Amino acid sequence: MSLEDYKGIAEPGELRAIECIAGKLKGRTMLHVNSTAVGGGVAELLQRMVPLIKELGVDVRWSVIKGTKPFFEVTKNLHNALQGQGRQLTKKEWDLWEEVNRKNAEKVDLDADCVFIHDPQPALLIDSKKRGVWVWRCHIDISTPDKTTWYFLKREVDKYDAAIFSVARFAQATPIPQFTMPPSIDPLSEKNIELTNEEVREVYERFKIPMGKPVLLQVSRFDKFKDPLGVIDAFRLARKYNDCSLVLAGGTAIDDPEGAKILKEVREKAAGNPDIHILLLPPFSDREINALQRGATIVLQKSLREGFGLVVTEALWKKKPVIAGDVGGIPLQVIDGVTGYLVHSVEGCAYRIRQLLQNPELGLRLGENGKEHIRRNFLITGHIKNYLALWVATECKGDKVIYL
Ligand code: UDP
């Protein structure tokens, strides 16, 4: 995969900007550090991004810190507390966090011109900084953190040269320069690449979903904040007037008791309705998700609380009108009446479903707008451009004003 492959997909100006900035950074060293090589959005993004940056002539490396099970339990708690949902760490837990970071600092080669540390788990590596610009890249929502937990982390974050947050609203005040950088999708990944109609049809046949009538789709974990029960209620209301089916597709949630409970409730609520299809997708179902999204008439994401909502990005990229909850990063993507509709209730959701089912032309228009909106703002190429530009900008700190 190289930048060439994105010609005709990404904004031409964006590709030129990448080449131009990368030209100035050729042969220089960039390092990304996070806490997992597979699973989760951060790892997925780095897997796609690092080879592309390397192709540009930047000497980029990606290292993953190693930790024990208790360490990851501590950092999971840290993560939850920062999102305002967990308990505070004990002194012993903070010490473990420090110790594991210290050990990793001895093993990971931290020597680079520009270092991106992703999320809180490896944040303490900053204490081993020798040189270069160091950027803390926060992917989580820390807008309403547990105050004490944030205070501890902030002492570390303040030592960085800059911080990046995904959405302005997810950020906290820090004395260091802050940047917002939304997450992105890769249009050439299995989940987003163009598929043939045959392949889409084959997946629908495999899942026994009829394609002869409109399909409403929600792809998400079985989680109460994704409101799958509300989706069924909205579907039922709309179904009284328009023939259509509903597909709720999500992961298996074997190790998530809460997920299993929600799945059971969803199944009970949908029982006996042949128009509702509940799909349990195994991990690595990217191509199936791609096909389901491409075959859908309308994509729903009726979240009550949300991070950024990458499923919305994926659906808009596939020219689907999206009806979604007005929460988290969704309103950055769903521009009401332009790329889809923002809803605040079951009734509102049902109303918009009916409106779109009765106006296929409207759905097509919103879908076109949606794809363009994602192309301009939320593709991996823009994300790479932002990382490179931020590197240059941070090195110029204290210099004259620079325009990017
Ligand atoms: N996803 C998946 N399998 C599933 C459900 C979701 O691969 O069974 C993917 C989905 O396509 C998207 C991501 O997981 O890329 C979910 O990201 P999002 O930001 O929408 O929600 P989160 O689950 O992170 O709250």
Side-chain angles (χ1 to χ4, degrees), residues 34 36 38-49 76 79-80 82-85 118-119 138-141 165-167 169-170 181-193 195 203 207 217-228 231 247-256 258-260 262-263 266-267 277-296 299-318 320 322-334 340 370 374 377-380 383:
N34 79 324
T36 168
V38 283
V42 179
E44 198 173 309
L45 201 68
L46 287 172
Q47 275 159 19
R48 309 286 310 175
M49 210 180 242
K76 171 88 184 155
H79 184 105
N80 288 341
L82 288 167
Q83 302 214 90
Q85 293 155 4
H118 295 262
D119 282 336
C138 179
H139 295 268
I140 61 176
D141 177 354
F165 296 94
S166 286
V167 176
R169 250 188 316 134
F170 290 4
M181 227 179 257
S184 61
I185 57 162
D186 185 346
L188 300 180
S189 68
E190 288 279 287
K191 202 177 282 170
N192 297 305
I193 194 128
L195 299 179
V203 169
F207 287 127
L217 169 74
Q218 176 158 308
V219 177
S220 54
R221 294 180 286 110
F222 288 99
D223 179 307
K224 62 174 179 289
F225 293 119
K226 308 283 183 185
D227 199 19
V231 170
V247 179
L248 288 169
T252 42
I254 294 165
D255 58 346
D256 175 5
E258 175 80 1
I262 302 290
L263 177 59
V266 167
R267 283 192 160 136
H277 305 264
I278 295 158
L279 310 183
L280 266 187
L281 302 174
F284 310 111
S285 298
D286 288 4
R287 236 173 149 96
E288 285 79 5
I289 291 176
N290 188 344
L292 288 170
Q293 289 169 330
R294 287 187 187 279
V299 168
L300 307 171
Q301 192 52 50
K302 210 197 145 310
S303 304
L304 303 172
R305 210 193 271 177
E306 191 50 86
F308 183 71
L310 277 171
V311 274
V312 172
T313 331
E314 293 158 10
L316 290 173
W317 177 247
K318 294 166 187 122
K320 299 300 155 184
V322 175
I323 300 174
D326 188 4
V327 289
I330 290 177
L332 294 178
Q333 308 183 64
V334 175
I374 300 305
N377 298 292
F378 305 110
L379 292 190
I380 189 171
H383 210 153

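Both counts, for ligands and for their atoms, begin at 1 and track the order of listing. One is the number of the first residue; the rest follow in order along the sequence. All values reported here derive from a predicted model rather than from experimental measurement.
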Are any of the N or O atoms of [X] closer than 3.5 Å to those of ligand 1?
X: Ile289; answer: no
X: Asp286; answer: no
X: Lys191; answer: yes
X: Leu310; answer: yes

Which atom of [X] lies closest to which atom of [Y], heavy atoms considered:
X: Lys191; Y: Gln293; result: O-OE1, 4.2 Å
X: Ile330; Y: Gly325; result: CG2-O, 3.2 Å
X: Asn192; Y: Trp317; result: O-NE1, 3.8 Å

Using a 4.0 Å cutoff against the non-hydrogen atoms of [X], which atoms of ligand 1 qualify?
X: Arg221; answer: 22 (P), 23 (O), 25 (O)
X: Gly250; answer: 8 (O)
X: Gly309; answer: 19 (O), 20 (O)
X: Gly251; answer: 4 (C), 8 (O)
X: Glu306; answer: 21 (O), 25 (O)

Test log, rule side-chain contact (heavy atoms from CB on, under 4.5 Å), inputs Glu44 and Asp186: CA-CA 10 Å; Glu44 198 173 309; Asp186 185 346; over 6 Å; no
message: Pro331: which residues meet the side chain to side chain contact (heavy atoms under 4.5 Å, CB included) condition with it, sequence neighbours left out?
response: Arg169, Asp326, Leu342
query: Who are the side chain to side chain contact (heavy atoms under 4.5 Å, CB included) partners of Thr313, not counting sequence neighbours?
result: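 Here the qualifying residues are Ile185, Phe308, Leu310, Gln333, Ile374, Phe378.
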query: Does Gln301 have a non-hydrogen atom less than 4.0 Å from ligand 1?
result: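 Flag not set, Gln301 not near ligand 1.
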query: Has Lys226 got any heavy atom lying under 4.0 angstrom from an atom of ligand 1?
result: yes
message: I'd like to know if the side chain of Gln85 and the backbone of Asn80 have a donor-acceptor N/O pair within less than 3.5 Å.
response: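 Checked: no pair found.
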query: Okay, side chain of Asp119, backbone of His139: is any donor-acceptor separation there less than 3.5 Å?
result: yes
